[in-house]
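Remember, it's a predicted structure, so these values are computed and weren't measured experimentally.
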Amino acid sequence: MRELLWDSLTSRQFLERGIVTPGFVRYMLEEHQSGRRDNTIRLWMLLMLELWFQHWQAELSSPVAAHG
C-alpha cells in the first residue's frame, strides 16, 4: 500500500492536477512514514481522489464512452 500511495501522490499526473503543492504532499508522506504525525486520513482522501480521477479519465477516453 505504501508504494501505491507514494507512486500515486508523487506522480507527475497527480501533481499537475494542481490540487496540492508537490512539497506539501512530500512533506505529509515523509512526516507520516517517519511517525511524526498520523496523516492517514488526509493521505487516504488524496489517494482515493487520484484513483477516482484515473478511473474516470480512463472511462472517458475509452472507445465505448466515445461512441456511447
Side-chain angles (χ1 to χ4, degrees):
M1 181 64 109
R2 182 180 307 168
E3 189 173 320
L4 174 64
L5 183 65
W6 276 84
D7 289 349
S8 296
L9 298 187
T10 60
S11 71
R12 187 176 67 126
Q13 182 179 14
F14 175 72
L15 296 174
E16 286 180 351
R17 295 186 198 286
I19 297 167
V20 292
T21 60
F24 182 66
V25 171
R26 184 164 291 281
Y27 178 76
M28 278 199 313
L29 288 164
E30 290 171 355
E31 190 178 51
H32 185 77
Q33 187 170 328
S34 73
R36 286 191 312 259
R37 179 172 288 169
D38 182 2
N39 290 321
T40 302
I41 293 172
R42 290 177 192 90
L43 294 172
W44 180 256
M45 288 189 302
L46 289 173
L47 178 60
M48 291 301 104
L49 181 61
E50 175 55 19
L51 294 177
W52 181 83
F53 274 125
Q54 289 176 15
H55 171 79
W56 286 105
Q57 190 171 25
E59 285 286 320
L60 292 174
S61 63
S62 75
V64 173
H67 297 295

Exercise: identify the closest heavy-atom pair between [X] and [Y]:
X: His32; Y: Asn39; value: ND1-N, 2.9 Å
X: Arg17; Y: Glu50; value: NE-OE1, 2.6 Å
X: Thr10; Y: Leu15; value: O-CD1, 3.6 Å
X: Phe14; Y: Leu9; value: CD2-O, 3.3 Å

If Ile, Leu, Val, Met, Phe, Trp and Tyr residues are connected whenever their side-chain heavy atoms lie under 4.5 Å apart, and connections chain through other members, are [X] and [Y] in the same group?
X: Met45; Y: Trp52; result: no
X: Ile41; Y: Met28; result: no
X: Tyr27; Y: Leu46; result: no
X: Leu29; Y: Met1; result: yes

Could you please spell out the steps behind the side chain to side chain contact (heavy atoms under 4.5 Å, CB included) verdict for Phe53 and Gln13? CA-CA 10 Å; Phe53 274 125; Gln13 182 179 14; over 6 Å; no

Heavy atoms of other groups near Glu16 CD, more than 12 under 6.0 Å: yes

Taking atom CZ of Arg12 as the centre, does the number of heavy atoms from other residues, nucleotides or ligands within less than 6.0 Å exceed 12? no

Nearest 0.5 Å please: distance from the [atom1] atom of [X] over to the [atom2] atom of [Y].
X: Leu49; Y: Trp44; atom1: CG; atom2: CH2; answer: 13.0 Å
X: His55; Y: Met48; atom1: NE2; atom2: CE; answer: 13.0 Å
X: Leu43; Y: Arg2; atom1: CG; atom2: CZ; answer: 12.0 Å
X: Glu30; Y: Trp6; atom1: CD; atom2: CH2; answer: 4.5 Å

With no hydrogens and no angle check, is any side-chain donor or acceptor of Ser8 less than 3.5 Å from a backbone partner on Leu5? no

